[in-house]
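The block underneath contains the structure these notes are about, expressed in structure tokens.
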Amino acid sequence: MDERKRNRVPPVFFAEETGSSNTDLRAMALRGAESGTVLLARRQSAGRGRQGRSFLSPEGGLYLSYLYRPRAGAEKLWTLTGLTATVLCDTLSAMGAADCRIKWPNDVILEERKLAGILTETVWQGEEAAVIIGVGLNVNTCSFPAELSDIATSLSLSTGRDWPTEALSEALIARMDAALSRWERDEGYFLPHYRALWPHEGRQVLVQGREAVAMGIGDDLSLLVAYPDGSREALRFGEVTVKGLYAEGSALEG
């Protein structure tokens, strides 16, 4: 693992290959790495998604983990996944991929296919939290296994051109720095933008196999759903499938 020379403190580290950048950065956090430390990997052999799922991480993607030690707002740490999704969409839009949207709670989609996943994990050291924010973005991936070919995409497949992974990572890190600084002062500032990037209001969904309709996004970033019997629920966790998006029950869900 090497430290990249940049005009930025804290440091940015780079690894040609690792099992999981989140796992490695977690270990660095426990050894006292400072807030803002970033680990980039060219490829991962054991990339992870939500709920223990694997995340395909071949060369050609952007695999970035960001260490954040909040000074306040620990009760709303789980909203950092949504914040990161909006930051990633804005970064990609600024670089020419303007149609990215968010699938609640942790995916970025392009043309109704999964483009990126976000995994946020919290490590507690006494009463202080260290949050590892992991981003896996399909950049120049040219093909996917057969079981994912209809439900995943990459920037290169969507646009027909190669993308500069290093420039993308630099832009994303800079926007994350600014967004997290603002989140310290106003935890909900990004919510209107998140809602604007979430295209599934009124869509039919399955909540752990139960049919419902997606009604909106709550102020705590919960998914508001209505069931056929008239009951409503605000979801913060659980399995939610948007009908017609990806393949129902696929490995990319959630």
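Bear in mind the structure is a predicted one, so any value in this text is a computation, not a measurement.
- With rounding to the nearest 0.5 Å, the separation of CG in L83 from CG in L88 is 11.0 Å.
- With rounding to the nearest 0.5 angstrom, the CZ atom of R8 is 7.5 Å from the OG1 atom of T37.
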Query raised in the report: Could you go step by step and tell me if L64 and L39 meet the side chain to side chain contact (heavy atoms under 4.5 Å, CB included) rule?
Result: CA-CA 6 Å; L64 179 153; L39 173 58; over 6 Å; no
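- Taking CE of M215 as the start and CD of E233 as the end, the distance is 14.0 Å to the nearest 0.5 Å.
- Contact check for L223 versus P105: no side-chain heavy atoms found under the 4.5 Å cut-off.
- Checked by atom type and distance alone, the side chain of N140 pairs as donor or acceptor with a backbone atom of W163 at under 3.5 Å.
- In this structure, OG1 in T79 is found 4.5 Å from CZ in F190, a value given to the nearest 0.5 Å.
- R195 and D219 are joined by a salt bridge, as a carboxylate oxygen and a charged side-chain nitrogen come within less than 4.0 angstrom of each other.
- Judged purely by atom type and a 3.5 angstrom limit, R69 uses its side chain to pair as donor or acceptor with the backbone of A29.
- The shortest side-chain heavy-atom distance between I132 and L119 does not fall under the 4.5 Å cut-off.
- Within a 6.0 Å radius of CD in E17, more than 12 heavy atoms belonging to other residues, nucleotides or ligands are found.
- Checked by atom type, the side-chain pair S21/S65 shows a donor-acceptor distance below 3.5 Å.
- From L168, atom CG reaches atom CD1 of I173 across 11.0 Å, with rounding to the nearest 0.5 Å.
- Atom CD1 of I133 and atom OG1 of T81 lie 7.5 Å apart (nearest 0.5 Å).
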